[in-house]
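The structure appears below as C-alpha cells.
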Amino acid sequence: QKEVEQDPGPLSVPEGAIVSLNCTYSNSAFQYFMWYRQYSRKGPELLMYTYSSGNKEDGRFTAQVDKSSKYISLFIRDSQPSDSATYLCAIIQGAQKLVFGQGTRLTINP
Amino acid sequence: SAVISQKPSRDICQRGTSLTIQCQVDSQVTMMFWYRQQPGQSLTLIATANQGSEATYESGFVIDKFPISRPNLTFSTLTVSNMSPEDSSIYLCSVTSGVAKNIQYFGAGTRLSVL
C-alpha cells in the first residue's frame, strides 16, 4: 500500500465551482499534512499545511484533515482559471522527508 | 521563503553521459533535498544533502549514480551519471528555511531528456 494515495484526475470544472481534492494516507502516526500547487513547467509551491486534525482556511482555500479516517482534503471556493494546476498532497515522514501523492491535474474552464 | 535557482532549466543529453545540476539558494540553509519527478508521476526523494557531511540516499538511489556535493550552506549539485532514457525526468531541489523547519520550498526544476 502506498503511503499517500491521490486520485490523479484529470478534473475539469467550470469557473466559480467548488473544487474538492482528496488524499488518503496509510500511517496514523503522520502529523504534518501539506498541499502544494504546481503550475506547468514550474516547481511545486506550498499552498497550505496543517498539523494534526481539523480545518485551516486561507482565503478561498480550506485544508481539512480527518485523522480517524486518514483522509485529507483541499477545498477551493469560487474557483478561477488561474487555479488550473496540478495539486499535490504530501505528508512528512520521519525528520523531514516529504512523501507526495500522485497529484491531481485540475482545469478551471472560463 | 527562500529563493532557489536551478541550472540548467532543461537539457537534452546522450545516453552514457553525465549531467550536473546546480542549486543555488539566496540564504544559508541547513538542509537541501533532491527530488525526481518522472513523467506523469509524483515527486520522489532522491537524497538529503547536509553541509559538511555525506548525503543520505533513499532506498533505490545510490551515490554512484547520483553523486551529490554540498560545499557550503547556499549551494548543492546533483550529478546524474551514465544516463539512460529511464533517467528522463524533472529533477528538483528544495530547502527548508526560516522558523517553520518542516516546510520545504522548491526550485523550478531541471527538465532532463536522455536520448
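Atoms considered below: every heavy atom in the structure, side chains included; atoms not considered: hydrogens, waters and symmetry mates. Chain letters run A, B, ... following the sequence lines, proteins first and then strands; every chain starts at 1.
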**Asked** In the single-linkage hydrophobic clustering (I, L, V, M, F, W, Y; side-chain heavy atoms under 4.5 Å), do B/Trp34 and B/Tyr57 co-cluster?
**Response** yes
**Prompt:** Same hydrophobic cluster for B/Tyr105 and B/Leu78, using side-chain heavy-atom links shorter than 4.5 Å among ILVMFWY?
**Reply:** no
**Message:** I'd like to know whether CD of B/Glu54 has more than 12 heavy-atom contacts from other residues, nucleotides or ligands below 6.0 angstrom.
**Reply:** no
**Message:** Please determine whether residues B/Tyr35 and A/Val99 belong to a single hydrophobic cluster, defined as Ile, Leu, Val, Met, Phe, Trp and Tyr linked transitively by side-chain heavy-atom distances below 4.5 Å.
**Reply:** no
**Prompt:** Of the non-hydrogen atoms in B/Leu92 and A/Gly43, which two are nearest, and what is the gap between them?
**Reply:** CD2-CA, 3.8 Å
**Prompt:** Is a donor on one side and an acceptor on the other found under 3.5 Å between the side chain of B/Ser42 and the backbone of A/Gly101?
**Reply:** yes
**Message:** Grouping I, L, V, M, F, W and Y whenever their side-chain heavy atoms are under 4.5 Å apart, do B/Phe61 and B/Ile21 come out in a common cluster?
**Reply:** yes
**Request:** Name the region of A/Tyr36, side chain, backbone, both or neither, that has any atom closer than 4.5 Å to a heavy atom of chain B.
**Result:** side chain
**Prompt:** Taking A/Arg105, A/Gln6, A/Lys97, A/Lys42 one by one, which has the highest count of heavy-atom pairs under 4.5 Å against chain B?
**Reply:** A/Lys97
**Asked** Does CZ belonging to A/Arg77 count more than 12 external heavy atoms closer than 6.0 Å?
**Response** yes
**Message:** Would you compute the distance between atom CD1 of A/Ile92 and atom CD of B/Gln104 and round it to the nearest 0.5 angstrom?
**Reply:** 7.0 Å
**Message:** Measuring from atom OG1 of B/Thr44 to atom CG of A/Leu98, what distance do you get when rounded to the nearest 0.5 angstrom?
**Reply:** 11.5 Å
**Fill in**
So OG of B/Ser9 and CZ of A/Arg41: to nearest 0.5 Å the spacing works out to 10.0 Å
**Request:** Heavy-atom distances under 4.5 Å only: say whether B/Leu45 touches chain A with side chain, backbone, both or neither.
**Result:** side chain
**Approximate separation, where rounding is to 0.5 Å, of A/Gln38 CD and B/Gln37 CD** = 4.5 Å
**Asked** Out of B/Met31, B/Gln6, B/Arg111, which one racks up the most heavy-atom pairs below 4.5 Å with chain A?
**Response** B/Arg111
**Prompt:** Is B/Ile90 reachable from B/Phe33 through a run of I, L, V, M, F, W or Y residues, each pair having side-chain heavy atoms under 4.5 Å apart?
**Reply:** yes
